[in-house]
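Below, chains carry the letters A, B, ... as their sequence lines are ordered, and counting in each starts from 1.
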Amino acid sequence: MENIRLYGGFLRVAILGKMQYKADFLVGVVSVLILNAVNLSLIGILVYNFNTLGNWDIWDLLFLYSFWMLCRSLYGIFSGHLSDLEELIVSGNFDAYLIRPVSPFVQLIGKDINYSGAGDLLVGILGFILVKTQMDFDWGILKWLYFGVCVLTGALIQVAINWIGASLCFWTTRSRAAMHIAERFTVLMQQYPVNIFGKYFQVFVTCFLPVAFINYYPSVVLLDKTTDKLCIWQYFSPLVAVLMLGIAAWVWTKGVKRYAGAGN
Amino acid sequence: MVKEFKIPVQKEGRFAAVRSLFSGDYITKRAVDDLSFSLAEGEIVGFIGKNGAGKSTTIKMLSGILQPTSGDITVNGIRPFEKRMENAKQVGVVFGQKTQLWWDVPLIESYRLLRQIYKIDAAVYEKNLARYIPMLGLEEVMNKPVRQMSLGQRVKSDIAAALLHDPKLLFLDEPTIGVDVVSKKYLHDFIAEINREKGTTILLTTHDMTDMEKLCSRVIVIDAGHLMYDGSLDNMTRKFGATRSLMVEFEHPVADFSVSGAELLKSEGNRKWYMFNRFDTTPVALIRSIGERYAIRDLQIIEPEIESIVRNLYEKN
């Protein structure tokens, strides 16, 4: 509770600081919108020509993409700056986080808020509305609830992956390259249904780098794409989020300890 | 206490960078080596040594940022590394080269957030601000973001920030580095006053001799992580500042002459300067032997400057 109050305090200062650079904010939002429009139209062209990818038609794919955009925007707005940890460690500014009586993670996550993620949010919402008018699915209250929960847990899975990636710099000092690869990989695969890839790939994104739980499995459930055999793990997104956050917190704590032991 | 750092060995030859990355070879460097000292409550202690002597590492261990490799540290009854958060509440730390304030927001916003972080009582917060702002001349920068401040203003703001929660101890790591003379004077007066008023124990690392002369009754000198001297500033002068000089002004111009136990430094008009070692000769003996030969009008004993003493200290090792 105390940490949430403090997080609010840190965020307030971050926002006050941001307001000094309004042009930067506008450019950020506009560029994200353009980027997403280009991305979407590329997929559109592909699907228009092929009609379907596996058993997914264009509206299914747009659903998948919008779902991811919603998760990504939440993650981006609140924790896109986790990768700044590298800079903090290299510059020695992380020291300042350790001389205040506040959890260093609260300070890191509270150091910034990224308005440009609002571009993703807008794309996600527009995409979802478009899909809804086209497919006209009729969800009960439970499905809507599940949708909400999965957007949140999808964002949290991505937070956890990046949190782990960022924490690696406690050992390696530089981890941006690894994070960049993970990020590119995530971006690539969130736009396509996982079942069009090979078996090993599906196992990899389910068990090792569980990005399939961000938007693919929730979409499978929500769009009734479940094949004949019952796959219980399709419902595991919230569980995976909790598990991943636990692992991330553990790696982070180890990392902070190591920083104090090894110094910089 | 001891603090060791492991530094990866840089390989030579082909693919050196890649091989270094995967090799487990380290050399161990002792940044702080068997250093031991204690501070009494309410003391201002100068902590000096050349760059890389281990001063900052020691301060980081005292603040709980780094864990000692071996040995023990207690700060007001708390082991900083074991209870970092608790320790953080009772100490204030300022790194002169890096600000801990929020860069883009007006200074007052940084202070508000610190108030929230340290859970400072509203009355205490108001009282401290009302005291610190005029003492440091911060009135005009309260609404200025830190990035627009001069170095002097920034350091003053940082020191006030570190004292908002009334810490028992204050660690200042090179607070006056690069700061102009006027701001330095503000800082000296402020630090001395806070120490007198609140009894804050202060450990101050510096290369600036005026800092030491103005503030510190006791100095700790370290070199290569070792303790070299711990005692009063006067004692240090006596112990390490062996060479003093004597200026003699004669009634009439006198040709250069030598005195046993002293060396003629320079002559200027009726004046001559002699350098002597305090352990070999006393000024009285010198004056007597000169006075026997020529009429003396005036005398002055010149003590070595602390700066040259410290230089001596560093060079000895």
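When each of B:His165, B:Lys89, B:Glu109 is checked for heavy-atom pairs under 4.5 Å with chain A, B:Glu109 comes out on top. Among A:Leu16, A:Asn93, A:Leu98, the residue with the largest count of heavy-atom pairs under 4.5 Å with chain B is A:Leu98. Options B:Pro80, B:Ala88, B:Pro145 differ in how many heavy-atom pairs under 4.5 Å they form with chain A, and the most are formed by B:Ala88.
When all heavy atoms are compared, the tightest approach of A:Ser103 to B:Met85 is N-CE, 3.4 Å. Closest non-hydrogen pair, B:Val105 versus A:Gly17, comes out as CG1-N, 3.4 Å.
Neither the backbone nor the side chain of B:Pro68 has a heavy atom closer than 4.5 Å to any heavy atom of chain A. In this structure, the portion of B:Arg147 lying under 4.5 Å from any heavy atom of chain A is its side chain and not its backbone. Only the backbone of A:Tyr97 comes within contact range of chain B, judged by heavy atoms closer than 4.5 Å. When heavy atoms are compared at a cutoff of 4.5 Å, A:Arg12 approaches chain B solely by way of its side chain, counted from C-beta outward.
Within 6.0 Å of atom CH2 in A:Trp250, 12 or fewer heavy atoms from other residues, nucleotides or ligands are found, so the atom counts as exposed in its surroundings.
Taking CD1 of A:Ile99 as the reference point, atom CG of B:Leu62 lies at 12.5 Å (rounded to 0.5 Å). Annotation: the span from B:Asp104 atom CG to A:Lys18 atom NZ amounts to 9.5 Å, rounded to 0.5 Å. To the nearest 0.5 angstrom, B:Leu66 atom CG is 7.0 Å from A:Asp95 atom CG.
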Start with the C-alpha gap between B:Ile65 and A:Phe94, add the side-chain angles, then the distance that decides, and say whether side-chain contact (heavy atoms from CB on, under 4.5 Å) holds. CA-CA 9 Å; B:Ile65 298 171; A:Phe94 189 70; over 6 Å; no
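With a 4.5 Å cut-off on side-chain heavy atoms, A:Phe10 and B:Ile117 count as touching. A:Lys111 is not listed as a side-chain neighbour of B:Trp102, based on a closest heavy-atom distance of 4.5 Å or more.
With B:Gln116 contributing its side chain and A:Arg5 its backbone, the two residues share a donor-acceptor pair below 3.5 Å.
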